[in-house]
Participant: 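Would you mind keeping the following structure in view while I ask a few things?
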Amino acid sequence: MMHRAIVIFFWASTMLLASAAFAQDAGPVARWSFDNARGPSVRDAVSGSEDKVEGFYKYVPGASGNGLRFDGYTTSVVRKAKDTPRLRHAFTVEAWIALSVYPWNWAPIVDQEKDQQAGYFFGVDALGHVGLQVDIDGTWCSVTSNVQLPLKKWAHVAGTFDETGGLALYMDGKEVGRLAVRGTMLPAEMLDLVIGRVREPLPPYPSITISPWYPVWYSLDGILDEVAIYDRSLTADELQSAYASAHAPAGEVIPWPVLPSGPSGAGPFGAYYCTLKYEDTWDRLRRIGPDSDIVVRFDDTPIRLVFWQGTTYIPTWVTDNGTWFTDEFLETFNAGCPEGGDCEPMSDKQDRYSHVNIVESSDARVVVHWRYALAEVEHSLGAHPDPLTGWFDWADEYWTVYPDGVAVRRQVLRPTDQTMPYEWQETIVINQPGRRPDDNINPDALTIGNLQGETATYTWQPKPSGVYGQPNEPNEIDKPDHPSIQWVNLKSSWKPFEIVSPAHSKFRLYKISKSYFSFGCWNHWPVSQITSSTRHCVAADRASHSSLSHIYWENYETTENSISKLLMDGLTTKSAAELVPLAKSWLSPPQVEVESAAYHSEGYDPAQRAFVVSRENAGNPSALTLTLRASSSSPLVNPAIVIRNWGDAAAHLQIDGKTVEWGKDIRRGYIKKIDGDDLVVWLRQTSASPLRIALTPGR
């Protein structure tokens, strides 16, 4: 009997040891490797189940073999509830992940939870922390990692649960978070399992700053690979071994996208239709056709002016080192706009109302027309809808651009109610993905000047990045008197500037309450497709923008149905004080005297930045002589002359009696119109004394 008992004990002990070893070696109960996937379904290598891939996606090189690229908005993998692994007492979820950007709020890697009352959630928060959340005996328990995921690089992540050991998180084989709790998970087995996309829309984080407060749909933006679920809690040694044995590619595996502005370098001056591509996952979301965008290039410098759908066609200057800058648009609030929100073209994420076209493009100048509605983020409404017609506020902008990098912007508002308040200008720097506002803007960011040459500089004191709090901005813009010039000190050779009439002008700082950077930063625009008109940057991961100031100045023209203003802006290598002659040449231009009987002067048109002369009768052109009465108070800086009804004949030019040849500094362009052809002459010339110009028709 004793001998038999010993045999039985030995057999039982052997079986227990074997069982324990088997438990330690047990593989996953579900695993998605994406290696053999070709279409809108992926195979679970354990069960053989084919799970649906929804939204826009593509298969790309992964940590091992292929991975699945998620686009940030639409992509998900869905496992039907009846086929999901049954988990209760313990489990592990692991994956390889390469994030392109941090999600708008918590985004799942694997999600099978119900209203934070049943099931589990393993995912990433808006700051790049991994988290595991589980319902344990009716209490929603969560643990979040104490380190951030890197961007663009592979990381191995895992979350484990055990009913006696609680929750733990691992990154690259190291423990990065733990919550000691005891109990059994209440599963959510009646729900589909979702990989990579939110189950319900959530407000972007930090939600307290969101305006208007709309939840949004989104997914991970990055690559997932080797997603696996175990019905046991893997040990730290097992997870370290899994990480070390994978040999995932090192370094950045997702490139940083670059806001597109056409071919690099200088190019022939003119406006060009083109289609600007940003990032394939983003482009795929759009309804892009040929010639959807416009780029204005310049002969001797890589600067350009871009009208791109990714900025809702909001005109944007691009400096020599690729920093983007814009002077905003028309914006308003109140009726027709969401509560806590606004109406502006920035909200027109799908460009339903925003359109651009080239009016002129010649060797002498470019004119681009941008038309847009003051829309709200839900697309269906706009500012101040007319109860009789349904029309809401619209605007037209005409950008007249010359080869010296200077433009005149004529904004025409067509409102329902002219008494409502509007913003016409905001100083906005656009930050490329991966760049902080501090990378683009010098601390002494703004210099304000007047026509007397007096200037004052305003400085933002640096603050530590990543600390959410009040930026150290100046108190207010209070000098010099009668300001007319603003100069923006970007970290580039070419600086943005603005010039307005000093009559009743006011320059005010854009004041904000909190930021993670030295300057304010928001990434609901550009590029972003979320239904939001305010979202503070929490990292330098996405394209973003920073606002510095507003300019308020007098109207140029008011009619029964419209209000218009003129703004001169552009890029310059001059200082603020050195822009005074340019400002005077536009705001107090010289008188013009026409000596030819066949022509008469229409004076100076500030909307074109040009002297306008008209020919009395169409037909064969005749010679034109005129004098521009420049002086120190009314100087000439790169003047333009428009001769209406000149025709298509060639023109020979003399300046102060000397014949000059057409070239880069002496340019001409022909404007073909339905009722005749105009000639535009542009001179790269500065003068504080009279200039006599003669044009003679010829071959």
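Position 1 is the first residue of the sequence, and the numbers go up from there. None of these values were measured; they are calculated from a predicted model.
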Participant: What distance separates D438 CG from K463 NZ, expressed to the nearest 0.5 Å?
Facilitator: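 It comes to 8.5 Å.
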Participant: Looking only at side-chain N and O atoms, does E602 offer a donor or acceptor that is under 3.5 Å from a partner on S614?
Facilitator: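 Side chains of S614 and E602: pair found under 3.5 Å.
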Participant: Has Q432 got more than 12 heavy atoms of other residues, nucleotides or ligands less than 6.0 Å from its CD?
Facilitator: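 Check passes, neighbour count above 12.
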Participant: Tell me yes or no: between the side chains of D444 and T457, is some donor less than 3.5 Å from an acceptor?
Facilitator: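 No, no side-chain donor-acceptor pair sits under 3.5 Å.
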Participant: Using distance alone, with no hydrogens and no angle criterion, decide if E397 and Y372 have a side-chain donor and acceptor under 3.5 Å apart.
Facilitator: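 Result is yes, a qualifying pair exists.
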Participant: Do K506 and W553 meet the cation-pi criteria used here (NZ or CZ under 6.0 Å from the six-membered ring centre, within 45° of the axis)?
Facilitator: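 No.
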Participant: Test the R410-Y556 pair against the cation-pi criterion, namely NZ or CZ under 6.0 angstrom from the six-membered ring centroid and within 45° of the ring axis.
Facilitator: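 Judged by the rule, R410 and Y556 form no cation-pi pair.
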Participant: State, without any angle test, whether N357 and H369 hold a side-chain donor-acceptor pair at a distance under 3.5 Å.
Facilitator: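 On atom types as modelled, these side chains qualify, holding a pair under 3.5 Å.
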Participant: What pairs with Y422 under ring-ring contact (aromatic ring centres under 6.0 Å, His included), at least two apart in sequence or on another chain?
Facilitator: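 Scan of Y422 (ring-ring contact (aromatic ring centres under 6.0 Å, His included), adjacent residues dropped) gives H384.
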Participant: Should the pair D541-R435 be classified as a salt bridge under the 4.0 Å nitrogen-to-oxygen rule?
Facilitator: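 No salt bridge links D541 with R435.
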Participant: Show the atom names and distances, to 0.1 Å, of all donor-acceptor pairs under 3.5 Å that link a side chain in residues 262-273 to residues at least two apart or in another chain.
Facilitator:
unit_1: Y272; atom_1: OH; unit_2: P268; atom_2: O; d: 2.8
unit_1: Y273; atom_1: OH; unit_2: I358; atom_2: N; d: 2.9

Participant: Taking only residues two or more places apart in sequence, or in another chain, which ones meet R436 in a salt bridge (charged side-chain N to carboxylate O under 4.0 Å, His left out)?
Facilitator: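 For R436 the salt bridge (charged side-chain N to carboxylate O under 4.0 Å, His left out) partners, ignoring immediate neighbours, are D439.
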Participant: Looking only at the side chains, is there a donor atom on one of N555 and K565 sitting less than 3.5 Å from an acceptor on the other?
Facilitator: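 Short answer, yes.
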Participant: Take H550 and Y510 through the test ring pair (Phe, Tyr, Trp, His ring centres under 6.0 Å) and record every step on the way to the result.
Facilitator: CA-CA 6 Å; H550 286 295; Y510 191 105; 5.4 Å; yes
Participant: Just wondering, are more than 12 heavy atoms of other shown residues or ligands nearer than 6.0 Å to NZ in K491?
Facilitator: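 Yes, NZ of K491 has more than 12 neighbouring heavy atoms, counting only those of other groups under 6.0 Å.
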Participant: Aromatic rings W308 and W282: how do their planes relate, parallel, tilted or perpendicular, breaks at 30° and 60°?
Facilitator: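 It falls in the tilted class, 30° to 60°.
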